[in-house]
Amino acid sequence: MPPGQVREAYNAKGRRSTAGSRKRGKRKPEYRPEEQPDPNAEILLPQSKDAKAKETKERLRQETLTHKELQDRSEDKEVRKAFDGRSEKRKRHGDKFAVHGLDTEDSQDDEIFATEPVTRPSHPQVIFDSGIPPPKNDSKPPAVGSALKRNSDGSIVMPKISKTKQSGWDRKRSVPAKEESDTSFDSSDSAYDSTDDTVDLSGGHEDFETGLEDEDKEDSGTFLEESRPEKKKLGFKDWAVKQLSVAKGYNFPTQETDAIPPVENPPTKKRKIESSTNLPNMRGPLGEDLQIPKTTLANQVLGSEQRAKVSPYVKAVAVKRPPSIEEARLLLPIVAEEQPIMEAILLNPVVIICGETGSGKTTQVPQFLYESGFGTPGSENPGMIGITQPRRVAAVSMAARVAHELSLTSSRVSHQIRYDATVSPSTSIKFMTDGVLLRELANDFLLVRYSVIIIDEAHERSMNTDILIGVLSRVVKLREEMWKERKDDVKPLRLIIMSATLRVSDFADNTTLFSSRPPVINVAARQHPVTIHFSRRTSPNYVNEAVRKATKIHTRLPPGGLLIFLTGQNEIIGACRKLEAKFGKKALDLKKKNRSRPSQQGADVEPEDLDLGNFDQDGLAFDVDENMDQEDLEALDSDDEQNLDEELGLGEDSDVPMHIVPLYSLLSSEKQMRVFEPPPPGCRLVVVSTNVAETSLTIPGIRYVVDCGRAKERRYDIANGIQAFQISWVSKASAAQRAGRAGRTGPGHCYRLYSSALFEHHFEEFSTPEIQRMPIEGVVLQMKSMHIDAVVNFPFPTSPDKIAMRKAEKTLTHLGALTFATPDVKNALSSVGQITDLGRTMALFPVSPRFSRMLVSGQQHDCLPYIISIVSAMSVGDPFLYEEVLGQDGSDVENDAESSLVNLRSDSVKAKDARNLKRKAFFQSQHMHSSLGSYSSDVFKVLSVVGGYEYAGGGQKFCSENFVRPKAMEEIHKLRAQISNIVQTNFPGVDAKFAPKLPPPNEGQLKVLKQLLAAGFIDQVAVRKIRIEGADGVQVSTSKGVPYKAMGISEDAFIHPSSVLANVPPPDYVIFSEVIRTSRIFLKGVTVVNPSWLSALGKPSLCSFSKPLKNNVGTVVMIPQFGPDRWELPAVKAELR
DNA sequence: CTCTCCCT
């Protein structure tokens, strides 16, 4: 179907209605308060008396069922107890709220408000409303990853496509290779550290290392001292209760001499290392004598005093590595540490391993474990080896790498990420993203299929890693207890935390987390030296400064790639332009031609050619020039000299062209790939990048780094949810990481565009963990669904702000996921909510709670497919390109480069025309998508483009015609498939109606969708200021500059200029998905709502009502008071309330 | 009048 038709199909309706209302010159009817309550509201919930009676019965049945089922779940109880001893009491208290939102008045109602069914079992056939907790069926729990069915080629099978419709886009889609770009990406990722013979920084870490050595020694001592004899005779339950009564209660079981069950199967194969020596005879991680810790595991492994004389570590599984790999492995320092590392792991339930990038820890430690029998059925530790990564690319590429090193198939060494998995029953080693494991925990708290979990990149302190470490500290504990009680043949679970920096005190010294300090093993990394140069002064204009420094480096220093760190897309584009103008191939050709015209010779002899030859060969030539280099560097460091040089026009010329490549996350994959292509011969690679190049991507051949020292960070105001993008100084750790990027292929240099004084005194050591910067309602809901009721008591490595926790609980209460407990002013913690059945159902979906709230109610009026699309799109984020990026993202640049001097001028005219056409098409497309739903919601604009995309069967062409990012669209598509699948597997009664070609929603559906959005964002409401303050507003034709009052925000807010609502008359009531502070406070993701929906959806936590009043027509009405500021909404009929 | 970066 040609795009034109798609457009028509999708938008004819919207367009027409806009035109109509424009002609009439009227405001859109939905905005008008005098029309409320919406006369059509009841169409959304036809409900007979019979249905009502049935509903009440059903509800009663379910309430008992719920209660009983909870009693049955004794295992869950143990889990709960492991976190919070008081939860049982609360559970009892919470029972009366078992089905959210039900109260007596409601069930008396004849007329029920439109969106209300979301919280009540009004449609008997609708399982969402049934109040049944997520199916705990006997079959496998619906693991998130497994919810994806796949074709033989690995592509994802779209769920349930009706036969008549099966043609078109979904079929095209099963062509593989969409993922290829990602995979090839990986090959140059840090993933391959193991064989990399180059590593980060040389200097600066000695003091850390010695410091650590001391700590390690202390460590072994601590183990011996720890002793809790009083625990011996207690059973697990008594013991757990006792522990939990001690506030944050978790004590690592240490000295367990006679409480240990006899070990029947001691490690079968043992190898003596020093047969005749007495204890202690083991070598610690740093070569020191190591006392055998008296942990339970130590006793298990060593069996008895006699056995303790031998090393517990044996290679139990033979592996066959390719010879080249064996060779490369020997160069890795970590391989030499195999013995002590494995001993530490075998003797301790929790071990921390520190090793810089390039130490090979990520590839080698899993192999050590595998060789010693972990992950092999029938061994002492038959469960899988699980390794978590914070990024998908890393999980996939590491799995591939380790599989290669061990000569095993991808079904033995597998990966699992959100949309892709190679896991099989024979999997021994499983790499996954941290979110995947967190999801698995929700279904299987004990992780029975694993014998060891490695949390990699723990230093990045991502939210998921932090949560994982907290949860796993308890799981390890539980598994150990169960193993001791010989429950169900459970084996202990080991936890290994791997970190690149030495900041492990948050883990190691956190007694809430691990009551006795786990051993910390430090592994060396081989690395090339990187010389760091600070600027004398710190210039605020760091973009210009970066360009200047790049110029210097390029013109004066020997070949080698240059990586420039800036903060954002605009800066990068700007810097690229400037550099292109100076040293781009085109610019140089131009210069050359100009030069060669007056004097016809010399053009062939480039002075740099000689240098190039030398340096390309590296080695000897390099060393010589390194000295020269050094002199140059001195000069570079002096700003004054630099300025002088510039004035004299010295050192600013080079005939070596730059191959300039921008790099940031929003860039398409193909464009990102350019950084991995070797630059054209004779060119210097210059990459201008954001933070992506700091961790996610490793660019080969970089020898110079220019670091502006800043980064753009998203900040949330924890109290009011306002987000802002702020450019701030990076941490010392980040700066080190950036510098390290210069030393991966050889010795390198890092130029910091700030002074050393600033660095020393103003830079934080480490960046703030994500959990302290982000809203945490998602995390809180997930914890509660895992029966971790008192989130305050959770053993976070670093605790999130208390205010943030309370805010999260509040939000979840508003959404109906937690019971609404009247806040107790005296004791804030007593009002901690319990998860409701609605909340438990919400937790099934791998999206933010607001979105799952919308999904849970989305089955009405065939809206589920739409709401799934909407939720997918909102989760992924805005797919639209922006006007400014238009020229940049096109292929114009390539064309320009090819143009010769002669027709350059006419070409640029052509290019200008083309640009104008493009702009026109851009605005047309924007307008078209905005018109869905008559300009009433930004969300519909995205729905429009998603619908069109699916209709067209996806594809690059659609994306460029509609000015959306293909990456985002593809992700939306996959998420849509995943959510549809989850609905189908968990709620067999619901027809997810997965239509590949979704017809545009009709008017009624659009209304329901808006109500669903209101339900998801019921606590993010904004009201036009004049409605609150009663002032009479001047008639305005657009929303631009019209002030709004947004819930919880004291300052005036405005509809963001990019909103579809910015160009229509201002609606009175809207919900918004984001607030962002730039020049003003702006609302984004805005949807017009009817205030009567707000009062209905806001009950009970957000809306109260006045006493019944008679209005002038004699109807009994009530005035709803909404939100913390008690905004008065238009009166509603008393019976509707 | 704007978009650092990841993830279930």
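By convention in this document, chain letters (A, B, ...) are assigned in the order of the sequence lines, proteins followed by strands, and residues within each chain are numbered from 1.
Atom OH in A/Y716 sits about 13 Å away from atom C1' in B/dC5, given to the nearest Å. Atom pair A/M786:CE and B/dT8:P shows a separation of 16 Å (rounding to whole Å applied). Atom C1' of nucleotide B/dC5 and atom CG of A/L666 are separated by 10 Å, given to the nearest angstrom. Atom P of nucleotide B/dC6 and atom CG of A/L468 are separated by 19 Å, given to the nearest angstrom. At whole-Å resolution of the value, CG in A/D434 and P in B/dT8 are 8 Å apart. Rounding to whole angstrom units, CD of residue A/Q723 and C1' of B/dT4 are separated by 12 Å. Summarising the geometry, the separation between CD on A/E460 and C1' on B/dC7 is reported as 12 Å, rounded to the nearest angstrom. Atom CD of A/E571 and atom P of B/dT4 are 8 Å apart (whole Å).
Shown for residues 766-777 of chain A: no residue has heavy atoms falling under 4.0 angstrom of DNA chain B.
For A/F1054, there are no ring pair (Phe, Tyr, Trp, His ring centres under 6.0 Å) partners two or more places apart in sequence or in a different chain. Taking the side-chain contact (heavy atoms from CB on, under 4.5 Å) definition, one finds that A/R773 meets it with A/T768, A/E770, sequence neighbours left out. Listed by chain and number, the residues in a side-chain contact (heavy atoms from CB on, under 4.5 Å) with A/A1022 are A/Y1044, A/A1046, A/V1070, A/F1072, A/L1083 (sequence neighbours excluded).
Of the candidates B/dC1, B/dC7, B/dT4, B/dC7 carries the atom nearest the A/N464 side chain, counting heavy atoms from C-beta on. Which of B/dT4, B/dC1, B/dC5 sits closest to the side chain of A/F1082 comes down to B/dC1. Side-chain proximity of A/S696 to the nucleotides B/dT8, B/dC6, B/dT4 is greatest for B/dC6. For A/R391, the side-chain atoms get nearest to B/dC6 when compared with the rest of B/dT4, B/dC5, B/dC6. Among the nucleotides B/dT8, B/dT4, B/dT2, the one closest to the side chain of A/T1078 is B/dT2. The side chain of A/V692 has B/dC6 as its nearest neighbour among B/dC7, B/dT4, B/dC6.
Looking only at atom types and distance, the side chain of A/R976 has a donor-acceptor partner in the side chain of A/S869 under 3.5 Å away. A/D938 and A/S1059 share a side-chain donor-acceptor pair at under 3.5 Å.
Neither OP1 nor OP2 of B/dT2 sits under 4.0 Å from any side-chain N or O of A/R1077. The side chain of A/T433 contributes no N or O atom lying less than 4.0 Å from OP1 or OP2 of B/dC6. The phosphate of B/dC6 has neither OP1 nor OP2 within less than 4.0 Å of any side-chain N or O from A/T695.
Here A/I1076 lies in heavy-atom contact (under 4.0 Å) with sugar-phosphate atoms only. Base contact: A/F880 has a heavy atom under 4.0 Å from a base atom. Backbone-only engagement by A/S665 is indicated by non-hydrogen atom pairs under 4.0 Å involving sugar-phosphate atoms exclusively.
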Practice prompt. Using the side chain to side chain contact (heavy atoms under 4.5 Å, CB included) rule, take A/S669 and A/K967 through it: C-alpha gap first, then chi angles, then the decisive distance, then the call.
Written response: CA-CA 8 Å; A/S669 300; A/K967 243 197 228 169; 3.2 Å; yes

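Screening residues 725-738 of chain A for salt bridge (Lys or Arg N to Asp or Glu O under 4.0 Å), with sequence neighbours left out, gives A/E694-A/R738, A/D707-A/R738, A/K732-A/E760, A/K732-A/E765. Evaluation of the salt bridge (Lys or Arg N to Asp or Glu O under 4.0 Å) test over residues 1077-1086 of chain A, restricted to residues two or more places apart or in two chains, returns A/E1051-A/R1077.
Across the interface with DNA chain B, nearest-nucleotide mapping of A/S1079 and A/G568 shows A/S1079 to be the residue nearer the 5′ end. Both A/K1084 and A/G435 lie near DNA chain B, and the one whose nearest nucleotide falls closer to the 5' end is A/K1084.
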